[in-house]
Protein chains: 2
Amino acid sequence: MVTINDIARLAGVAKSTVSRYLNGGSVSAKTKAKIDKIVAETGYKPNTFAQSLKAKNTAMIGTIVPRLDSYATTQGLKGIDEQLRAVDYQLLITNSNQDIQREIEAIYAYAKQKVAGIILFATVITDEHRKAIDSSKVPVIILGQQADGYHSIVHDDYQAGYMLGKYAVSLGHRIFTYFGVFEDDIAVGQKRKQGILDGIKPNGKIKIIETTFAIEAAYQKALQILPKMESSYVICATDNIALGVLKAAHELKMVIPDQFSLSGFGDYDVTTAVFPMITTIKFPYYQSGVIAAENLYQLIEGEKIPEIIKLDNQLVERESTKRLK
Amino acid sequence: MVTINDIARLAGVAKSTVSRYLNGGSVSAKTKAKIDKIVAETGYKPNTFAQSLKAKNTAMIGTIVPRLDSYATTQGLKGIDEQLRAVDYQLLITNSNQDIQREIEAIYAYAKQKVAGIILFATVITDEHRKAIDSSKVPVIILGQQADGYHSIVHDDYQAGYMLGKYAVSLGHRIFTYFGVFEDDIAVGQKRKQGILDGIKPNGKIKIIETTFAIEAAYQKALQILPKMESSYVICATDNIALGVLKAAHELKMVIPDQFSLSGFGDYDVTTAVFPMITTIKFPYYQSGVIAAENLYQLIEGEKIPEIIKLDNQLVERESTKRLK
DNA sequence: ATGAAAGCGCTAACAA
DNA sequence: TTGTTAGCGCTTTCAT
């Protein structure tokens, strides 16, 4: 293993000079050239542990995700990864498995590990979260939920819901059924829903069904609900839920969009792989990852960034919705 | 920040004693109790960088995945994560984005970072891979592809293909079309295909179409192929490909399984969310992650593990295939 | 611009 | 069982 001492010896300088060379201190062009050469020849890489031991942080950024197997997560991670690679940061991932306690622990663990920054894929922000974030002096960016006092990047769920509601109403629909999720989830369970409600008001009437994020659960629920449903439009809180409803409809021999229109949120890949292709709202998941990483980097570098960034969504109209005659 | 020196001073012992206490060396019960107390009071946590600086490795294990957004990846990662958490290892993830060069770099980077072990989600193992693995003295487990001389965990792709071939033939089918992928991918492109070929031989005739892992590509390809196809059974190398074919069939108003049977590999979630639900081969992705993590841990602890572990697959018969009349 | 020297927090001989 | 003593590879004063 080649160390800074070797380089110093081979270059005929003091190791402090090499250190300065490494860290952008003042080194003469001649010395620099000399060290450049030695470094190239030896393939020397500074030991990051020795570096981190003194410098009080590392070139790692930690992410905390509620689950690995969701479209939003993987796309966001992809965006983050791409950016981080560019600035040579190592990406750490902790899967909390939707367990709040694990999220908290992860924050403390990251702090101890002296990560340069943390990106939290949030579903809720509790006081414990706040405590953990505050006590560790690490820059944090919260992705997916808004939290006063913290830097966050959110998909504008209210706007998304509102846009969809308006769209559905514009198609002539008046009676709706909504397959939503529990309200603990601020973004999806509350804001998205509220947007929808406001979007169809005062023209529409809506019946609210609560289910989970799982396809299967939505499918089972839909199997009960659909037969006696009177709505002409079913709004689902996510594309997976829409998928479950679609399947149930198929099973019940109900034809979409003839018997009722159906739409989801998310623009998951599969929405175009099924028939009918599902109308949905596209959230820029990948882009949110990119922005999160960029902003975190700014934050680490001590620059100012806006406290909250809202990303715009986009209605993607496909085959599962149609004008009510 | 409280250090080993503080603990030593407060406990009235030498810091080497504290170090021994930390690392399970011989310490008297009395001293241990004393240090226990101080540690609890101060909330002392050893500095991992200082530890890693001396000890030649860390409590991190590195994974290298070709992509984040695949079912196999997320399930495998989930299994690994679960196991690693139990033994208090930090999970590192590098997304190579299907770039061989990045994989190689990641191995070197991990070695330099002194990870305790590496799990490589492999598509191919090149000489460069071998060189990288050999030069870094880190225990490595290869997931998904077999590589002589290295520890690997594989889904038995040949067996999977063979099983499916036999099944299709048993249903009375004789003329097949296969939507496969390039042969660079040993597991899917070669072994799985060979299994299928052997499974239908000598009863069947098969036409081979090459596409990619993307739904869209398969869909486009199928749109060309299906209209003039004479096969009664379409075998797809993955469920995503099957999804693409299914969509094309729908578009072409071809009814599955009446006009032709269709099956995939992988048992992705969506195979049950579409109509007809797709017959497929279920690979134990999650379990393979669990086993990879367990074995890697054994390896790190210096125990012996079998060089190759083959995991069994399972045929999941659903609605997209039927007996040929 | 450069070098000498003193640590960072910990581990690991070696002696006692 | 315990303490003493060198470092691990690097950064950072402080002189020069």
Side-chain angles (χ1 to χ4, degrees), chain A residues 1-39 42-60 88 90 109 111-116 137, chain B residues 1-39 42-60 88 90 108-109 111-116 136-138 300:
Chain A
M1 159 171 254
V2 29
T3 76
I4 198 173
N5 277 306
D6 300 326
I7 304 299
R9 188 166 32 75
L10 291 170
V13 298
K15 64 178 181 175
S16 50
T17 302
V18 181
S19 175
R20 244 175 272 117
Y21 160 91
L22 250 23
N23 298 289
S26 56
V27 196
S28 73
K30 203 160 57 183
T31 327
K32 178 173 181 330
K34 204 159 47 179
I35 301 180
D36 268 340
K37 186 152 160 285
I38 310 278
V39 166
T42 55
Y44 165 72
K45 301 274 183 222
N47 178 315
T48 47
F49 300 107
Q51 286 181 312
S52 305
L53 183 56
K54 298 235 57 160
K56 295 301 187 194
N57 67 339
T58 62
M60 306 187 291
D88 238 40
Q90 161 80 261
K112 185 188 144 201
Q113 246 181 105
K114 294 182 197 155
V115 297
K137 317 285 280 180
Chain B
M1 156 173 257
V2 29
T3 76
I4 198 172
N5 276 306
D6 300 326
I7 305 298
R9 187 165 34 74
L10 291 169
V13 297
K15 66 177 179 172
S16 51
T17 302
V18 181
S19 175
R20 244 175 273 118
Y21 160 93
L22 251 22
N23 298 288
S26 55
V27 197
S28 74
K30 203 161 58 183
T31 331
K32 178 173 178 332
K34 202 160 49 179
I35 301 180
D36 268 340
K37 185 152 163 286
I38 310 278
V39 167
T42 54
Y44 165 71
K45 301 274 185 222
N47 178 315
T48 47
F49 301 106
Q51 287 180 312
S52 305
L53 183 55
K54 296 237 57 159
K56 293 303 185 192
N57 67 340
T58 62
M60 305 188 290
D88 238 41
Q90 161 79 262
Y108 286 116
K112 184 186 141 205
Q113 247 183 102
K114 295 184 198 155
V115 297
S136 58
K137 318 285 281 180
V138 180
I300 292 169

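Every value quoted in this text rests on a predicted model; they were computed, and no experiment measured them. Below, chain A is the first sequence line, B the second, and so on; all start at residue 1.
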With sequence neighbours left out, the residues meeting side-chain contact (heavy atoms from CB on, under 4.5 Å) with A/Ala109 are none
Identify all pairs in which a protein N or O lies below 3.5 Å from an N or O of nucleotides 11-13 of chain D, and state each distance.
| from | atom 1 | to | atom 2 | distance (Å) |
| --- | --- | --- | --- | --- |
| D/dT11 | OP1 | A/Asn23 | OD1 | 3.3 |
| D/dT11 | OP1 | A/Asn23 | ND2 | 3.2 |
| D/dT11 | OP1 | A/Gln51 | NE2 | 3.3 |
| D/dT11 | OP2 | A/Ser19 | OG | 2.8 |
| D/dT11 | OP2 | A/Asn23 | ND2 | 3.4 |

message = Looking at A/Thr3, I'd like to know whether one of its side-chain N or O atoms comes within less than 4.0 Å of OP1 or OP2 on D/dC8.
response = no
Sequence neighbours excluded, the answer for side-chain hydrogen bond (donor to acceptor under 3.5 Å, both in side chains) partners of B/Thr31 is B/Ser28
- Any A/Tyr21 side-chain nitrogen or oxygen under 4.0 Å from OP1 or OP2 of C/dG3: no
Contacts of A/Lys137 meeting salt bridge (charged side-chain N to carboxylate O under 4.0 Å, His left out) (sequence neighbours excluded), chain-then-number -> none
The complete set of salt bridge (Lys or Arg N to Asp or Glu O under 4.0 Å) pairs with one or both residues in residues 2-13 of chain B, sequence neighbours excluded, reads B/Asp6-B/Arg9
*Do the non-hydrogen side-chain atoms of A/Phe49 and B/Thr58 ever get within less than 4.5 Å of each other?*
yes
The answer to which of A/Lys45 and B/Gly12 contacts DNA chain D further toward the 5' end, by nearest nucleotide, is B/Gly12
When the rotation axes relating C1' atoms of four end pairs to the next four are compared across the helix from C/dA1-D/dT16 to C/dA16-D/dT1, five pairs an end, they differ to 10° by 30°
The side-chain contact (heavy atoms from CB on, under 4.5 Å) partners of A/Leu10 (sequence neighbours excluded) come to A/Ile38, A/Thr42
Here the salt bridge (Lys or Arg N to Asp or Glu O under 4.0 Å) pairs for residues 29-39 of chain B, sequence neighbours left out, are B/Lys32-B/Asp36, B/Lys37-B/Glu41
Please state whether the phosphate of C/dT2, meaning OP1 or OP2, lies under 4.0 angstrom from any side-chain nitrogen or oxygen of A/Ser28.
yes
Across all chains, not counting sequence neighbours, the salt bridge (charged side-chain N to carboxylate O under 4.0 Å, His left out) partners of A/Lys45 are none
Separation of D/dC10 atom P from B/Asn47 atom CG, nearest Å, is 16 Å
